[in-house]
Amino acid sequence: MKLYNTLTHKEEEFIPIEEGKVKMYTCGPTVYHYAHIGNMRNYIGHDILVRTLKYLGYEVTRAMNITDVGHLTSDSDSGEDKMMKAAQKEGKTAMEIAKFYTEAFFKDYDKLNLLRPDILKPATGEIDMYIKMITKLLETGYAYISGGNVYFDISKVKDYYALTNHVADEMVVGVREGVEEDSAKRNQADFALWFTSSKFEHHELLWDSPWGKGYPGWHIECSGISIKYLGEQMDIHGGGVDNIFPHHTNEIAQSECYLGHKWVNYWFHNEHLLDESGKMSKSNGAILTVSLLEEKGYDPLAFRFMAMSSHYRKQLLFTYDALDQAQSTYKKLRTKVLNIADEGKIDDEKLSIYNQKFIDSISDDLNTANALATLYEVIKDNKLNGHTKLELIKKFDGVFALDLTKPFAKKEIDEKYVEQMIEKRSEAKKNKDYALADQIRDELAKQGIILKDTPGKTIYEVK
Ligand code: AMP
Ligand code: ZN
C-alpha cells in the first residue's frame, strides 16, 4: 500500500514493523463540546485506513485517547483548560462534562459505522505514565523546571521542526497569534509537560507529582498512552492537519527523547472540513454534528459517502447543497444494489479482476473516489451475473461501510424518488409500455415499497 507520510513529505510504500501486523494510534477528541462533522471527517479518514489495512490482510491494533484534561484554549501553554472552561460554563464538574460529551461522541461515531479503537483511554487515567516519562526527561536534561512548571527544552532536539517540513520554524509559539509570551520558558517554543503553578484557578483536576500538585500538558498524554499500550515503536500515528504543529511535533520530541530512538514510522494527517466561514471548529461555536444532520433528515452514511467522494488530503467544503447531492447519489446507489438479483455462479476470474482494481485504488493512498468508481463499474457490468456483483459489493463494503446491501428502513424512503417512479410508471402505462410499468413496480417492491392502484391515483405502502 502507498501512504502519504507527513514525516518524509511524500507517498511511500507502507512497510510494517512486524510482518502482517499494524500498530496505530489516533488522537482522540477533546470532550468539552460536541464533536462536529469536521472532527468526524478526520475519524472517517482513520476508519478508511484501518478498514483498508484489514482488507489487505493486516492485523490492526489501534489505540485512541480521550482528552479530558490539559488541552488549553490556545493549543499551547496559555489560555484556559478547555474542560474547566466548559465545566464552569455549564455548571458541572469537568468529569461530568467529559462523560456527557464522550457518550455524545460515540453516539455519532457509531452512526457513521466507524470501527471502535481496540484500546481507548481517557487522559486522566494514565497520570503515572506521564510522571514516569517526565521524570526521565528531567533526569536526561531534556526537560527543566521553571516558574513551577516542567517544560520540554526544544533546543535539545536535533530536528524539532521535521514534521512541519520546517514551515513552523518561524511560527514559534511566542509569536503566534493569541499565544502569550511565557517568561518561564528558555525558548518560546518550549512546551509544558506538567503544570504546577499558573493554571490552578478552579482546577479540580489535580494530581500529586514529584514537582508538586498539578496536571499534565496536552501533548504528553498521546505519547504516554501510545507508548504504554502499543510499545516503544509503532507504524502509524494520525490526526487532523492542525495536529501537525504543535501537537504531533511535540509528541515526537518528547517521545523520542524519552525512548532514545525513532518512535513512529508513518504520520497520517487528514485535511480539514470547511464551511463557508472557514475551518469548522468547536471553539468557534457554530458547529454541525452528525446527530443534528440526522434530525434534519439526512442519513449519517450520506455524510460518510460525501467524505469518501473526495480525497482525505484535500480540504472538503461542506454545504447543504453538496450534502443533498451526496444523499441523493447515495440512495440511488443503494437502490441499484437492492435491485441486483442474486443469481448465477461466482465468476472467479472477474471477481478477482475487479477485486484487484478495487485494491489498486484503495491502496493508492486511500483513493476512495476511484474505489467508488470501481464499485459503479461492477454494478453497471452487463456481462457480470448478480451473485458475483453482490459478492464484490459486500467485500468492498468492508472498506466503504455504507450498508450497501441493507434494505431501506421505513424512515429512509425517499418520497420524492417514489413519486417520480410512480409518475414514470403512469407514463409507461399511458404509452402501453406494460413491461416497463411492471418493471418499475417490481423494482419498488424489492425495496419494500408496494404500489396500489386506486381509481385516479397510485398510492404506496412501505412494507
Ligand atoms: P479536538 O476534539 O479538537 O481535539 O479534535 C479532534 C480531531 O479532529 C483532531 O485530530 C483534529 O485535528 C480534528 N479536527 C478538528 N477540526 C477539524 C476540521 N474542521 N476538519 C477536520 N478535522 C478536524
Ligand atoms: Zn494526540
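Nothing fancy with the numbering, it's 1 onward along the sequence. Numbering of ligands and ligand atoms starts at 1, following listing order.
The cationic atom of Arg313 (NZ for Lys, CZ for Arg) lies less than 6.0 Å from the six-membered ring centre of Tyr4 and within 45° of the ring axis. Cation-pi geometry between Lys156 and Tyr142 is not met: the NZ or CZ atom fails to fall both under 6.0 Å from the ring centre and inside 45° of the normal. A cation-pi arrangement is present between Lys92 and Phe100 under the rule of less than 6.0 angstrom and at most 45 degrees off the ring axis. Both cation-pi conditions hold for Arg116 and Phe106: the charged atom is under 6.0 angstrom from the six-membered ring centre and inside a 45 degree cone around its axis.
Met280 O, 2.8 Å is the protein heavy atom nearest to atom 19 (N) of ligand 1. Summary of contacts: the protein heavy atom closest to atom 21 (C) of ligand 1 is Gly38 O, 2.9 Å. What sits closest to atom 12 (O) of ligand 1 on the protein, heavy atoms only, is Asp242 OD1, 2.4 Å. With respect to atom 18 (C) of ligand 1, the closest heavy atom belonging to the protein is His272 CD2, 3.5 Å.
Taking backbone and side-chain atoms together, His248 has no N/O/S atom less than 2.8 Å away from the Zn ion (ligand 2).
Angle subtended at the Zn ion (ligand 2) by Cys222 SG and His247 NE2: 110°, rounded to 10 degrees.
At a heavy-atom distance under 4.0 Å, no atom of Arg41 approaches ligand 1. Contact annotation: for Glu271 versus ligand 1, heavy atoms closer than 4.0 Å belong to the backbone alone. Contacts of Asn39 with ligand 1, taken as heavy-atom pairs under 4.0 Å, involve both backbone and side chain.
The shortest N/O to N/O separation between Pro29 and ligand 1 does not fall below 3.5 Å. For a threshold of 3.5 Å applied to N or O pairs, the pair formed by Gly239 and ligand 1 contains no separation below that value. For the pair Tyr43 and ligand 1, the shortest N or O to N or O distance does not fall below 3.5 Å. For a threshold of 3.5 Å applied to N or O pairs, the pair formed by Val241 and ligand 1 contains no separation below that value. Between Cys27 and ligand 1, no pair of N/O atoms sits closer than 3.5 Å.
Applying the 6.0 Å contact sphere to CD of Glu13 captures more than 12 heavy atoms from other residues, nucleotides or ligands. For Lys314, the NZ atom sits in a loose shell: 12 or fewer heavy atoms of surrounding residues, nucleotides or ligands are nearer than 6.0 Å. Counting non-hydrogen atoms of neighbouring residues, nucleotides and ligands closer than 6.0 angstrom, the NZ atom of Lys111 exceeds 12 such neighbours. Counting non-hydrogen atoms of neighbouring residues, nucleotides and ligands closer than 6.0 angstrom, the NZ atom of Lys136 exceeds 12 such neighbours.
Between Phe268 and Tyr312, a ring centre-to-centre spacing shorter than 6.0 Å is recorded.
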